[in-house]
Amino acid sequence: MRFRVVVLFALLAVLLLPLLPTGPAGAAVPLGGLAVTVTPDGSRLVAGGDSSALYELDPTTLAVKRRGHVGRQVVDLAFTPDGKRLLVETTDALLWVAADTFEVVNTVEEVERMSVAGAAGLVAVRATKGNAIRVLSMADGAEKAAIPYDRMKSIAAFGLKQDGTKLAILYYKKQDPEEAKVDRKEVPADLKDAALAEFTQKHDGYTAEYAVHEVATGKAVLEKKIWYAAPGGGNRIFWQGENVLVVSYENQNARIDPAGEATYFELVNSYNYGMAASADGAVLLTGGLRAASRTTTEKLLGTAFKLDEIPGFPEYFKGFSLAADGTGYAGTSRWRVVRLKPDATIDKVVPVF
């Protein structure tokens, strides 16, 4: 009996983890399993996880070619534009790692939740001490800009535009007496799914602050109160042209246009433990418990795919990465790496050890 109770509490802890706010930007807490990154040309693939190990894999066969150890739990990964370095996001720092040797060559401490603008050679991270989003050179970690924010506000998500010129920030919701709160009995009976979710958020008595900053100057070019509010932790911001996409673990997402007008949307795979966008922002890969999807961001059309079920504790998608030709890769909580065709068909699944 005691054993069953312990197992039940452990299961609840894992399942409830993404539902809990985890700090100002969804602090970096390792799910377990593997994050992945691939170079734009698809020639190099690296995975890493909470064992603090990195694995270079053959991008076609997914066979492990070599291993290394960076000494910290790996939350996320990204290649520098030239493919010579890896940025390794850990729970409390950003590491620069030589891609050929897996040697740590530089460390920026007390930062989290990287957002990469590969074409611009920039990465944004939230400073865990101080109230700023720091924009760093992907080449050497030199600070290029610091976007300050009010310490009384809590950041739900932030993201760099692909060309490195703008940074979008969404703050967590606050009660707002100016937004009408509608009783459940007043909700139109014909509303369903995304339409119902959007109506509910527009009439729940909460709003959130949204801002877009110029990276070069730090100046806010847009500051607006919006009806959409990102839930809990685990939110990410991706740019699609001049639009911003906010993707959440709970699959309560929004597209925000340049004027700050939000439109609610849901992805076909439901919950999102892992999420990533292509370098140009045209494609999203997102996934949760075995189920995932590939979504074109212009029209928000998604194609679902699903992992085979293996015995033992449920398997989750942890991270994704996309090559320029549309080939996708995913890492899972059961230490498997998945290769995806551009049409979202699963091509290969291999355990990594």
Side-chain angles (χ1 to χ4, degrees), residues 17-19 21-22 25-38 47-49 74-78 87 89 112-118 123-126 155-162 168 170 228 230-240 243-256 264-298 300-307 315-323 326-333 337-338 340 344:
L17 175 62
L19 303 179
T22 53
V29 176
L31 168 67
L34 293 170
V36 292
T37 186
V38 64
V74 176
V75 175
D76 202 1
L77 296 162
L87 297 190
E89 179 191 337
E112 64 179 7
R113 304 306 283 173
M114 72 175 176
S115 172
V116 173
V123 56
V125 285
R126 192 189 75 86
I155 293 178
F158 64 89
L160 269 179
K161 192 179 178 187
Q162 290 89 340
L170 178 67
Y228 171 78
N235 311 298
R236 299 286 298 273
I237 278 179
F238 305 104
W239 286 75
Q240 177 251 325
N243 297 318
V244 162
L245 303 178
V246 185
V247 182
S248 77
Y249 161 77
E250 288 87 345
N251 202 22
Q252 299 172 20
N253 318 303
R255 176 166 19 214
I256 306 175
Y264 183 92
F265 71 92
E266 294 176 353
L267 298 162
V268 298
N269 63 272
S270 186
Y271 293 94
N272 303 302
Y273 276 92
M275 55 189 87
S278 59
D280 59 4
V283 175
L284 286 176
L285 287 176
T286 58
L289 174 56
R290 288 181 51 221
S293 67
R294 180 188 186 276
T295 302
T296 56
T297 57
E298 183 178 359
L300 293 174
L301 297 175
T303 302
F305 57 94
K306 198 168 188 177
L307 283 169
E315 183 175 23
Y316 294 81
F317 285 97
K318 176 179 177 175
F320 296 92
S321 188
L322 280 148
T327 301
Y329 296 89
T332 82
S333 63
V337 169
V338 182
L340 302 162

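Please read all numbers here as calculations on a predicted model, not as lab measurements. Below, all heavy atoms of this structure are taken into account, side chains as well, without hydrogens, waters or symmetry copies.
- The structure places CG of N235 at 8.5 Å from CZ of R113, a figure rounded to the nearest 0.5 Å.
- Note on ring orientation: taking the six-membered ring where Trp is involved, the planes of Y249 and Y271 are tilted (angle from 30° to 60°).
- Atom CG of residue L245 and atom CG of residue L300 lie 6.5 Å apart, to the nearest 0.5 angstrom.
- Between L77 atom CG and L87 atom CG the span is 9.0 Å, to the nearest 0.5 Å.
- Panel note: side chain N251, backbone E266; no donor-acceptor pair is recorded below 3.5 Å.
- With rounding to the nearest 0.5 angstrom, the CD1 atom of I256 is 9.5 Å from the CH2 atom of W239.
- With respect to E112 and R126, a salt bridge is recorded, a charged nitrogen being found less than 4.0 Å from a carboxylate O.
- Atom-to-atom distance recorded for R290:CZ and F305:CZ is 12.5 Å, nearest 0.5 angstrom.
- Taking every heavy atom of both residues into account, R294 and A344 meet most closely at CB-CB, 3.8 Å.
- Closest of all the heavy-atom pairs between F317 and A292 is CE1-CB, 3.5 Å.
- Smallest separation of non-hydrogen atoms from F320 and G274: CE1-O, 3.5 Å.
- Side chain of R236 to backbone of G159: no donor-acceptor contact under 3.5 angstrom is found.
- Within the 4.5 Å cutoff, the side chain of V246 has heavy atoms near those of the I237 side chain.
- Looking only at distances, a side-chain donor or acceptor of S115 sits under 3.5 Å from a matching main-chain atom of L160.
- In this structure, N253 and S248 approach most closely via the heavy-atom pair OD1-N, 2.9 Å.
- Nearest heavy-atom pair, T37 versus A78, reported as atom, atom and distance to 0.1 Å: OG1-CA, 3.5 Å.
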Donor-acceptor list for residues 280-289 side chains, cut-off 3.5 Å, not counting sequence neighbours:
from	atom 1	to	atom 2	distance (Å)
D280	OD1	S278	OG	2.6
D280	OD1	A282	N	3.0
T286	OG1	N269	OD1	2.7
T286	OG1	N272	OD1	3.4
T286	OG1	S293	OG	3.4

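- Annotation for K318 and V74: closest pair NZ-O, 3.3 Å, computed over non-hydrogen atoms.
- Within the model, atoms CG of L340 and OH of Y329 stand 9.0 Å from one another, a figure rounded to the nearest 0.5 Å.
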